[in-house]
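Structure, as structure tokens:
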Amino acid sequence: MKLLSPSPLFLESYLEACRETWGHVHSTYILHDPSIFGQWKDTIFCQFENEKRGIGLPEGYVPSTTFWLVEEKRFLGSGNIRHFLNDALREYGGQIGDFIRFSERGKGYGKQILRMLLQKALEMGIRETLITCEADNTPSRRHIESLGERILARELAKANVEGTVKHVLRYRVCCL
């Protein structure tokens, strides 16, 4: 199993993962709408590169680097590291986001990708990060809390997300 930069070698498997996972995530930011594959199939890798460089980002977005968790030729999940935080991300979103394809959930991949993403963040010069999840998202909470002693602080807060108040857990995590 490897955490790699997105690659055309895994595009079909990524599309399959988007199809099976769409509708089973709290936020669709980190995956693509499979119903409009024709609109993004030729631009996805340029999009990831532009996001990394901070080019053409929507207002309120920050530069970020995306990684794909793969095993052999199968896409298992995706992770995203935001290069820095703005006020909105401090409230809801955090610095690291991830998802595991629906058919692979419950197999420990969430814990593995999170540990791998922390290593990548450290390689990017990030020593401490903020990871958030909605308080009622038990699988995400469990895989974050599996970090154990790396968790420096945990806070339950209310966040205003697109006009809706959500209960959010915020974790300060050491990347070392």
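Reckoned from all heavy atoms, side chains included, excluding hydrogens, waters and symmetry mates.
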Heavy-atom side-chain contact between Ile144 and Leu114 under 4.5 Å: yes

Heavy-atom side-chain contact between His32 and Phe37 under 4.5 Å: no

Spatial distance of atom CD1 (Ile151) from atom CZ (Arg172) [nearest 0.5 Å]: 11.5 Å

Value rounded to 0.5 Å, distance of OG1 in Thr129 from CZ in Arg82: 9.0 Å

Candidate pair Arg154 and Glu145, rule salt bridge (Lys or Arg N to Asp or Glu O under 4.0 Å), full reasoning: CA-CA 10 Å; Arg154 174 186 149 163; Glu145 290 178 357; 2.5 Å; yes

same_hphob_cluster(Phe99, Phe67) at 4.5 Å side-chain heavy-atom cutoff: no

Check: Tyr14 ring centroid to Phe75 ring centroid under 6.0 Å: yes

Hydrophobic cluster identity match, Leu152 and Leu169, side-chain contacts under 4.5 Å: no

Joint cluster assignment, Val173 & Met116, ILVMFWY side-chain distance < 4.5 Å: yes

From Ser5, Ser64, Pro6, residue fulfilling side-chain contact (heavy atoms from CB on, under 4.5 Å) relative to Phe48: Pro6

Atom NZ of Lys2 with >12 non-hydrogen neighbours under 6.0 angstrom: no

Same cluster (ILVMFWY, side-chain, under 4.5 Å), Tyr109 and Ile96: yes

Minimum-distance pair of heavy atoms, taken over all atoms of Ile36 and Trp40: O-CD1, 3.2 Å

Flag, side chain of Thr132 to backbone of Gly93, donor-acceptor distance under 3.5 Å: yes

Rounded distance (nearest 0.5 Å) linking atom SG of Cys175 with atom CZ of Arg127: 9.0 Å

Pair Glu104 + Arg101, salt bridge at N-O below 4.0 Å: no

Leu15 side chain reached by Pro34 side chain, heavy atoms, under 4.5 Å: yes

Gap separating the CG atom of Leu3 from the OG atom of Ser78, nearest 0.5 angstrom: 8.5 Å

Closest approach of Val62 to Phe84 (non-hydrogen atoms, all atoms of both residues): CG2-O, 3.3 Å

N/O donor-acceptor pair under 3.5 Å between Arg170 side chain and Glu91 backbone: yes

Nearest non-hydrogen partners of Gln95 and Ile126, listed with the distance: NE2-CD1, 3.5 Å

Distance-minimising heavy-atom pair for Pro8 and Phe45: N-CZ, 3.4 Å

Validation row: His143, Gln112 side chains within 4.5 angstrom (heavy atoms): no

Gap between atom NE2 of His167 and atom CG of Asp136 - 0.5 Å precision: 9.0 Å

Within one Ile-Leu-Val-Met-Phe-Trp-Tyr cluster: Leu176 and Ile131, side-chain cutoff 4.5 Å: no

For Thr138, all residues meeting side-chain contact (heavy atoms from CB on, under 4.5 Å), sequence neighbours excluded: Arg141, Arg142

CD (Glu72) with more than 12 external heavy atoms under 6.0 Å: no

Spacing of CD belonging to Glu49 relative to CD1 belonging to Ile44, to within rounding of 0.5 Å: 13.0 Å

Ala88: partners by side-chain contact (heavy atoms from CB on, under 4.5 Å), with sequence neighbours left out: Asn86

Arg115 and Ser146, any side-chain heavy atoms less than 4.5 Å apart: yes

Leu69 and Ile100, any side-chain heavy atoms less than 4.5 Å apart: yes

Nearest heavy atoms of Leu117 and Gly97, plus distance in Å: CD1-O, 4.1 Å

Smallest separation among heavy atoms of Thr65 and Lys52, with atom names: OG1-CG, 3.6 Å

